[in-house]
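Data first, discussion second: the structure below is written as C-alpha cells.
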Amino acid sequence: MKELAVLNRDPLQGNDWPGFVPSFSAMKILSLRDKDGKLRAQLDIDGGNHSLLWSLFGSDTTYSKKKCNYGSILSPKAQLAGDIHGAPPGSFVSQLAEIMAGIKTTQKMAEFWLQVVAELRRLWNEGQPIPWLPIDDNPDLQYCLLHQRLQVINCCIARKKRHLAALKMLDSGNVEDDPNNKDQVTYPVSETWAQNLNTIAPALYAKTKTGELVPRLGVLHPAENLTMLETGEPVFSPIIQEGPVLTEDLIRETEELILRTGSVGAGCSQLLSDMQAFKAANPGCILEDFVRWYSPPDWSEVEADHLSDETSAKDDVSSRRGRLSSRMQSKGNLWQELWESAKPIPAAKQAPLFDEDLAGESTLSYLEEIAPSDFFEQLFIVAVSNGKSFYHVHF
C-alpha cells in the first residue's frame with residue numbers, strides 16, 4: 001500500500017489491475033446516495049482528508065449494534081453482509097468503504113488509507129478503542145478479514161484495561177471505577193468485579209486443613225453449591241486468563257499446525273493457567289475440587305453407605321461422597337501431572353498466554369502492508385452488501 005501511495009501515476013491509467021478496478025469504481029454508485037449529501041460535499045473539497053478522517057474518528061461514533069445492523073428492520077434475506085463476507089452496515093469498515101468510493105484515484109485512496117492506519121496506531125498507543133466497532137467483542141468470523149482485524153485491536157485494548165484493573169484489585173482490593181475519571185471507558189466482563197465486591201469482601205480468607213487462614217487471590221465470585229472436599233470451605237470461581245483472539249486466517253493456521261504436528265500445547269497451557277488461578281482463589285483445594293468446578297462430567301456423586309470397604313481403602317476420594325471418572329484416575333493422566341506442578345498464582349500475576357501488545361502491533365503492521373488488491377476487494381464486497389441492505393430498508 002505504501003508503494004501505491006507514492007506512485008507518480010494512477011494504476012487505473014495503466015490498467016495494472018485488469019478486471020478488478022472497474023468493479024471497485026462501481027462502489028461510487030452504491031455508496032454516494034441521497035442519504036449522505038454531507039459526505040458528498042466533503043469529497044468535493046481539495047485536500048479534504050482531515051474532514052474525512054473526522055467523519056471516521058472524530059464525530060459522535062458511539063457504537064450501537066442496532067444502529068450498525070439496522071436492528072430488526074432487515075429481513076433475513078436482506079442481511080447480505082455476513083453471507084458474502086462484508087461488514088455490518090454502519091460499522092467502521094462500512095464507513096470507510098463509502099469514503100473510499102468517493103476518492104478519485106487509487107493513489108489518493110492509498111494515501112488516505114495510510115492516514116487512517118496512522119490514526120489507528122495513535123488510538124492504540126493511547127488505549128482508545130476504534131469507533132464504530134464493539135469495544136470488547138471477539139472477531140466475528142462471518143464478516144471480512146479487515147473488520148475482524150480491527151476487532152482484534154479493540155479486544156486487545158479492552159483486555160489490557162482488564163489486566164491492569166485485575167492487578168489493581170490484587171494490590172488494593174478495590175475494583176470500583178475512579179469516579180473522578182469522566183473519560184474512562186468501561187470494559188464489561190460476564191461477571192463484573194464491582195457487582196461481586198460486596199459478596200467477596202467478607203470471604204477473602206479460606207481456612208485450610210490445618211486451620212490456618214490463607215488469603216484468597218484473584219476471586220471472581222462464589223461457585224454455586226460447591227464446597228471444598230477436605231476443608232468444607234466454599235469454592236470460589238477465579239478470574240482466569242482469556243483465550244487467544246483469533247481471526248479466521250489465524251484459526252486456519254492453528255488448525256493446520258495441530259494437524260501437522262499433533263501439538264496440543266496451547267490447550268495444556270490454558271489448563272495449567274486455570275489450575276493455578278483456582279489454587280490461588282481456593283487455598284486448601286485438591287484436584288477433585290477443581291474437576292468438580294471445571295469439568296463436572298468427570299465427577300460422579302456417590303452415597304458413602306453404598307461404597308465398599310475395598311474401594312474406600314484403595315481410593316480415599318470415595319469418602320468424599322464421590323469419585324473421579326476413569327480417565328481422571330488413569331495412570332499418567334495429564335490433569336494429575338499438571339495439578340502437581342501448578343502453583344497458586346492468580347491470573348493477573350501469571351505469564352500471559354496471549355500477548356495483547358504483540359497482537360495489536362501485528363495487526364497494525366498487517367493493515368499498513370495489506371496488498372491493494374486484497375484491500376479494495378474487501379471494500380468492494382462491503383459496499384455491495386451495504387448497498388443491498390440500504391435498498392431493502394428504503395425500498
Side-chain angles (χ1 to χ4, degrees), residues 206 208-210 212 214 216-220 223-244 246 250-355:
T208 65
K209 194 175 177 180
T210 61
E212 180 185 5
V214 180
R216 297 178 182 266
L217 301 176
V219 169
L220 182 60
E224 187 175 356
N225 298 325
L226 282 180
T227 57
M228 287 184 263
L229 295 173
E230 285 195 344
T231 66
E233 291 285 293
V235 171
F236 277 70
S237 295
I239 297 170
I240 61 175
Q241 289 202 55
E242 299 173 271
L246 299 177
L250 296 178
I251 291 175
R252 193 180 306 114
E253 291 176 9
T254 302
E255 291 174 345
E256 291 174 356
L257 177 64
I258 293 174
L259 290 174
R260 188 168 61 251
T261 65
S263 171
V264 291
C268 290
S269 299
Q270 182 71 60
L271 180 58
L272 177 61
S273 170
D274 295 345
M275 285 180 172
Q276 294 189 135
F278 186 84
K279 281 188 172 183
N282 298 280
C285 65
I286 56 177
L287 174 60
E288 288 78 12
D289 297 324
F290 177 76
V291 171
R292 289 160 63 225
W293 172 75
Y294 199 86
S295 180
D298 283 303
W299 175 264
S300 57
E301 296 288 341
V302 179
E303 293 295 335
D305 294 341
H306 296 164
L307 298 173
S308 66
D309 295 337
E310 179 182 355
T311 303
S312 299
K314 185 181 299 185
D315 185 3
D316 62 355
V317 175
S318 301
S319 63
R320 300 168 189 144
R321 297 179 294 105
R323 62 162 61 93
L324 293 171
S325 64
S326 298
R327 77 179 184 108
M328 287 292 176
Q329 298 186 59
S330 62
K331 186 177 181 181
N333 177 266
L334 178 63
W335 287 51
Q336 295 182 26
E337 295 178 2
L338 290 177
W339 182 260
E340 291 299 323
S341 63
K343 295 177 172 51
I345 306 173
K349 298 285 188 179
Q350 297 175 14
L353 298 177
F354 178 75
D355 191 330

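Here, residue 1 is the first one in the sequence, and each next residue gets the next number.
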Practice problem: Measure the NZ-CG distance between K279 and D274 for me, rounded to the nearest 0.5 Å. | Solution: 13.0 Å
Quiz prompt | Evaluation steps, side chain to side chain contact (heavy atoms under 4.5 Å, CB included), between L250 and E253 | solution = CA-CA 5 Å; L250 296 178; E253 291 176 9; 3.8 Å; yes
Quiz item: Taking the inter-plane angle between the rings of F290 and W339 on a 0 to 90° scale, is it parallel (under 30°), tilted (30 to 60°) or perpendicular (over 60°)?
Solution: tilted
Practice problem: Mind checking side-chain hydrogen bond (donor to acceptor under 3.5 Å, both in side chains) for Q350 and listing every partner two or more places apart, or none if nothing turns up? | Solution: Q241, S273
Quiz item: Hey, what do you get for CG (L217) to CD1 (I239), rounding to the nearest 0.5 Å?
Solution: 10.5 Å
Quiz item: When rounded to the nearest 0.5 angstrom, what is the spacing between OG in S295 and CG in L324?
Solution: 10.0 Å
Quiz item: Side chain of D289, backbone of L229: donor and acceptor closer than 3.5 Å?
Solution: yes
Would you be so kind as to tabulate the donor-acceptor pairs closer than 3.5 Å made by side chains of residues 340-348, with sequence neighbours excluded?
residue : atom : partner : partner atom : Å
S341    : OG   : E337    : O            : 3.4
S341    : OG   : L338    : O            : 3.0

Practice problem: Assert yes or no for the condition that the ring centre distance of Y294 to W299 is strictly below 6.0 Å. | Solution: no
Quiz prompt | Nearest heavy atoms of V219 and F236, plus distance in Å | solution = CG1-CD2, 3.2 Å
Quiz item: Looking just at side-chain N and O atoms, do R216 and N282 make a donor-acceptor pair shorter than 3.5 Å?
Solution: yes
Quiz item: Under the 3.5 angstrom rule, does the side chain of Q336 hit a backbone N or O of M328 as a donor-acceptor pair?
Solution: yes
Quiz item: From L220 CG over to I240 CD1, what is the distance, rounded to the nearest 0.5 angstrom?
Solution: 9.0 Å
Quiz item: Can you name the residues that form a side-chain contact (heavy atoms from CB on, under 4.5 Å) with L226, not counting sequence neighbours?
Solution: A223, V235, R292, W293
Exercise. Kindly say whether E233 contributes a backbone atom to a donor-acceptor pair with the side chain of T231 at under 3.5 angstrom?
Key: yes
Self-check item: Pairwise distance CD(Q329) to CG(D298) - rounded to 0.5 angstrom
Solution: 10.5 Å
Self-check item: Interatomic spacing from CG in L353 to CD in Q270 - rounded to 0.5 Å
Solution: 5.0 Å
